[in-house]
**Q** 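Please find one structure pasted underneath; my questions will follow.
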Amino acid sequence: MEKQQHRLAFGTLVITSKLPDTMVHFTAEERAAVVSLWAKVNVELVGGEVLGRLLVVYPWTQRFFDNFGNLSSESAIMGNPKVKAHGKKVLTSFGNAVKHMDDLKDTFAELSELHCDKMHVDPENFKLLGNMILIVLATHFSKEFTPQVQAAWQKLTTAVANALAHRYH
Amino acid sequence: MVLSAADKSNVKACWGKIGSHAGEYGAEALERTFCSFPTTKTYFPHFDLSHGSAQVKAHGQKVADALTQAVAHMDDLPNALSALSDLHAYKLRVDPVNFKFLSHCLLVTLACHHPAEFTPAVHASLDKFFSAVSTVLTSKYR
């Protein structure tokens, strides 16, 4: 009887220690800012621009895309069909983050492992890409991309970058 | 990081187009920095940081004027920014990470106001330019 109680007590302790206390908390305003802007995003167009700009502005990021063909100039990169396709893929995945803002670590667990074990991507690159998303959104939404809207998106891209880095070892 | 002839030309052209808006953009970039990166506010405990603050407006103008000077002397940034470099190293001592935050928010501000001019190539040149300025401003830290 005593043993069972101990086990029960121990079990309770284990459960409580697993509660997510590292969750990012988004306010209602931040959620609204993210969701409402995302609804207007042309994922295919913006995705291509985001990845393209990453490769133009930070050329060393081209190291991950040896098989993408011509990346020799700004126009080559921005017009490259593989860049556009992959950009769309990446941003579509980012759309998942918008749907699961309270559960980013679990949502991106598998992708995190993939980026570490198969693609060997330095997590620093997630921050660079996140900032590219912000900048492309700024070019598309101008006055609508207020400091408050930017801050909400800044928080989201940082949280996604952290989630993607979470399973690294 | 070296600024190519194309970079310098891009930066000069872009900054020229901004013209008299530079101060306004400087203030907006600061506001964006304080909003997105709240830790940056620790350097301004003596400021009113609310939207439209006169102090932020004035400081934004200061930052913009310094950048205008930098644009005019891109071939010799260390000399042109020497006094500011001393100020940041010995008096202000702003942690180097913060220059990246402000640079990013300057880019966002320009992207918002001049999306057509803010092509990937111009974006790259400006990013490099702000990075070069940041390097000079932190060059005497130790």
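So you know, we letter chains A, B, ... as the sequences are listed, proteins then strands, and number each from 1. All heavy atoms count here, side chains included; hydrogens, waters and symmetry mates do not.
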**Q** With heavy-atom distances below 4.5 Å as the criterion, would you say the side chains of P115(B) and H140(A) are in contact?
**A**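 Not in contact.
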
**Q** Distance check, rounded to the nearest 0.5 Å: H51(B) atom NE2 versus T146(A) atom OG1?
**A**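 Answer for the NE2-OG1 pair, H51(B) versus T146(A), is 9.5 Å.
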
**Q** Would you mind telling me which of V136(A), N131(A), T158(A) has the largest number of heavy-atom pairs within less than 4.5 Å of chain B?
**A**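 Highest number of pairs under 4.5 Å: N131(A).
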
**Q** Roughly how far, to the nearest 0.5 Å, is the OG1 atom of T139(A) from the CG atom of L107(B)?
**A**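 Nearest 0.5 Å value for the CG-OG1 distance: 12.0 Å.
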
**Q** With a 4.5 angstrom heavy-atom cut-off, could you sort out which part of F141(A) is near chain B: side chain, backbone, both or neither?
**A**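 No part of F141(A) comes within 4.5 Å of chain B.
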
**Q** Might you point out which heavy atoms bring C35(B) and A151(A) nearest each other, and give the distance in Å?
**A**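 Distance-wise, the nearest heavy atoms are O-CB, 3.7 Å.
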
**Q** Would the number of heavy atoms belonging to other residues, nucleotides or ligands and lying under 6.0 Å from NZ of K140(B) be above 12?
**A**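 Yes - once you tally the heavy atoms of other residues, nucleotides and ligands closer than 6.0 Å, there are more than 12.
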
**Q** Counting only heavy atoms from other residues, nucleotides and ligands, does the tally under 6.0 Å from NZ of K88(A) exceed 12?
**A**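 12 or below, so no.
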
**Q** Answer yes or no: is there a donor N or O on one side and an acceptor on the other, between the side chain of Q154(A) and the main chain of S36(B), under 3.5 Å?
**A**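 No, Q154(A) side chain to S36(B) backbone: no donor-acceptor pair under 3.5 Å.
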
**Q** Can you say whether F34(B) sits under 4.5 Å from chain A via the side chain, the backbone, both, or neither, judging by heavy atoms?
**A**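 Nothing of F34(B), per the 4.5 Å heavy-atom cut-off to chain A.
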
**Q** If two hydrophobic side chains count as joined below 4.5 Å and joins carry through other members, does F64(A) share a cluster with Y168(A)?
**A**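 They do share one cluster, since a chain of ILVMFWY contacts under 4.5 Å joins F64(A) to Y168(A).
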
**Q** Using side chain to side chain contact (heavy atoms under 4.5 Å, CB included), reason through V56(A) and H123(B) one step at a time and then give a plain yes or no.
**A** CA-CA 9 Å; V56(A) 168; H123(B) 170 179; over 6 Å; no

**Q** Would L84(B) end up clustered with V136(B) when hydrophobic side chains under 4.5 Å apart are linked, directly or stepwise?
**A**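 Looking at the clustering, V136(B) is in the same group as L84(B).
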
**Q** For chain A, which of P120(B), A116(B), P38(B), A111(B) has the most heavy-atom pairs under 4.5 Å?
**A**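 Highest number of heavy-atom pairs under 4.5 Å: P120(B).
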
**Q** Go through the atoms of T119(B) and report whether side chain, backbone, both or neither lie under 4.5 Å from a heavy atom of chain A.
**A**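 The answer is both parts of T119(B).
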
**Q** Does L81(B) belong to the same Ile/Leu/Val/Met/Phe/Trp/Tyr cluster as Y90(B), with side-chain heavy atoms less than 4.5 Å apart forming each link?
**A**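 Looking at the clustering, Y90(B) is in a separate group from L81(B).
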
**Q** Answer with yes or no whether the hydrophobic clustering places L114(A) together with L51(A); edges join I, L, V, M, F, W, Y residues whose side-chain heavy atoms lie under 4.5 Å apart.
**A**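 Yes; L51(A) is reachable from L114(A) via cluster members.
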
**Q** Within the supplied structure, the quantity of interest is the number of heavy atoms (other residues, nucleotides, ligands) at a distance under 6.0 Å from E113(A) CD; does it exceed 12?
**A**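 It does: E113(A) CD has more than 12 such atoms within range.
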
**Q** Keeping the roles fixed (side chain from S142(A), backbone from C112(B)), state whether a donor-acceptor pair exists under 3.5 Å.
**A**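 Yes; at least one donor-acceptor contact below 3.5 Å.
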
**Q** For K8(B), I'd like to know if atom NZ has over 12 heavy atoms of other residues, nucleotides or ligands within 6.0 Å.
**A**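 Buried by this count: over 12 neighbours within 6.0 Å.
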
**Q** Select one option (side chain, backbone, both, neither) describing which atoms of E74(A) are under 4.5 Å from chain B's heavy atoms.
**A**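 The side chain, not the backbone.
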
**Q** Crowded around K12(B) NZ? As in, over 12 foreign heavy atoms under 6.0 Å?
**A**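 Correct, the count exceeds 12.
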
**Q** With a 4.5 Å cut-off on heavy-atom pairs, point out which of K128(B), R32(B), E31(B) contacts chain A the most.
**A**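 Maximum pair count with chain A is reached by R32(B).
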
